[in-house]
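Note sheet for the following structure.
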Amino acid sequence: EAIVGSCVSGLDIVCSRIDLVGAELELLNVENRERVLSRLLDEVKREYDYVLIDCSPSLGLITVNSLTAADSVIIPVQADFALEGISKLLNTIKIIKSKLNPALEIEGFLLTMYDARLRLANQIYEELKKHFRDMVFTTVIQRNIRLSEAPSHGIPAILYDPDSRGSINHMQLAKELIERES
């Protein structure tokens, strides 16, 4: 009942709610708490070609649930932050893969909020490429105000401003993902 249709045919959404703030605490006493989302998605995932789960950057129970339910994970890396948090996430993925979801794969690392004019952004991209090579997407999501504006209008960025850099980047990412699957 949480599934909501969108203005795009074939695109349904389950929106985050303020109730999720307490979900971490409620899950503590639930049996098999790491698999709650997986069980819920099992009921509906056959109706969709893709199910995308967007997580907060925390490594709490909701993220553990998401990784347990997922087939693969795209790791977004903000171009203006250091890379220290990646090792913690990779360790979490390793644990989830060994104990909860042996099929979980890393789809790749995606550089976001990228501004080619900033030396730090370019250094982070080079470090990513150096450490993770082919696992780094060629596509980067450039910093773009239109991406930030779209949610307040209630429509996807690629409909809000299809010609914006951010929309074009997301379309390039979709193509790159499809090509990787082929």
Say whether [X] and [Y] are linked into one hydrophobic cluster, either directly or through other cluster members, by side-chain heavy-atom distances under 4.5 angstrom.
X: L177; Y: F132; result: no
X: M171; Y: L111; result: no
X: V51; Y: V44; result: yes
X: I62; Y: I53; result: no
X: I158; Y: I168; result: no

Residues that [X] engages under side chain to side chain contact (heavy atoms under 4.5 Å, CB included), provided they are two or more places apart:
X: V14; value: A2, I3
X: I145; value: S148, E149
X: K175; value: none
X: L110; value: I74, T112, F137, I141, L173

Once you round to the nearest 0.5 Å, how far does [atom1] of [X] lie from [atom2] of [Y]?
X: N144; Y: S167; atom1: CG; atom2: OG; result: 7.0 Å
X: L89; Y: I93; atom1: CG; atom2: CD1; result: 4.0 Å
X: S16; Y: I13; atom1: OG; atom2: CD1; result: 12.5 Å
X: E176; Y: T138; atom1: CD; atom2: OG1; result: 4.5 Å
X: L104; Y: S72; atom1: CG; atom2: OG; result: 7.5 Å
X: R180; Y: D134; atom1: CZ; atom2: CG; result: 8.0 Å

Enumerate the residue pairs fulfilling salt bridge (Lys or Arg N to Asp or Glu O under 4.0 Å) with a member in [range], sequence neighbours excluded, ordered by first and then second residue.
range: residues 49-72; result: none
range: residues 158-171; result: R146-D161
range: residues 2-15; result: none

Requested in this report: Could you go through the side chain to side chain contact (heavy atoms under 4.5 Å, CB included) check for Q142 and D115 one step at a time?
Outcome: CA-CA 6 Å; Q142 297 176 26; D115 185 340; over 6 Å; no
Check whether any side-chain heavy atom of [X] lies under 4.5 Å from a side-chain heavy atom of [Y], and answer yes or no.
X: P156; Y: S6; value: no
X: V73; Y: L67; value: yes
X: R143; Y: D80; value: yes
X: C7; Y: L159; value: yes
X: H170; Y: L147; value: yes

Report task. Please collect all side chain to side chain donor-acceptor pair (under 3.5 Å) contacts where either partner lies in residues 90-104, sequence neighbours excluded, each pair once. Result ->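 Counting only pairs at least two positions apart or across chains, the side chain to side chain donor-acceptor pair (under 3.5 Å) contacts touching residues 90-104 are K97-E105.
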Check: residues 123-130 side-chain donor-acceptor pairs under 3.5 Å, at least two apart:
| unit_1 | atom_1 | unit_2 | atom_2 | d |
| --- | --- | --- | --- | --- |
| E127 | OE1 | H131 | NE2 | 3.2 |

Query raised in the report: Of all residues at least two apart in sequence or in a different chain, which pass the side chain to side chain donor-acceptor pair (under 3.5 Å) check with Q172?
Result: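 So Q172 forms a side chain to side chain donor-acceptor pair (under 3.5 Å) with N169.
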Query - Closest contact, heavy atoms only, A157 versus A150 - result: CA-CB, 3.6 Å
**Report entry** Shortest non-hydrogen contact between E47 and E43, atoms and distance
**Finding:**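 Minimum heavy-atom contact is OE2-O, 4.3 Å.
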Query - M135 atom CE, neighbour heavy-atom count above 12 within 6.0 Å - result: yes
Query raised in the report: Please, which pairs that meet ring-ring contact (aromatic ring centres under 6.0 Å, His included) have at least one residue in residues 140-160, sequence neighbours excluded?
Result: H153-Y160
Scan the side chains in residues 25-41 for donor-acceptor partners under 3.5 Å anywhere in the protein, sequence neighbours excluded, and list what turns up.
| unit_1 | atom_1 | unit_2 | atom_2 | d |
| --- | --- | --- | --- | --- |
| R33 | NH1 | L28 | O | 3.0 |
| R35 | NH1 | L100 | O | 2.9 |
| R35 | NH2 | L100 | O | 3.2 |

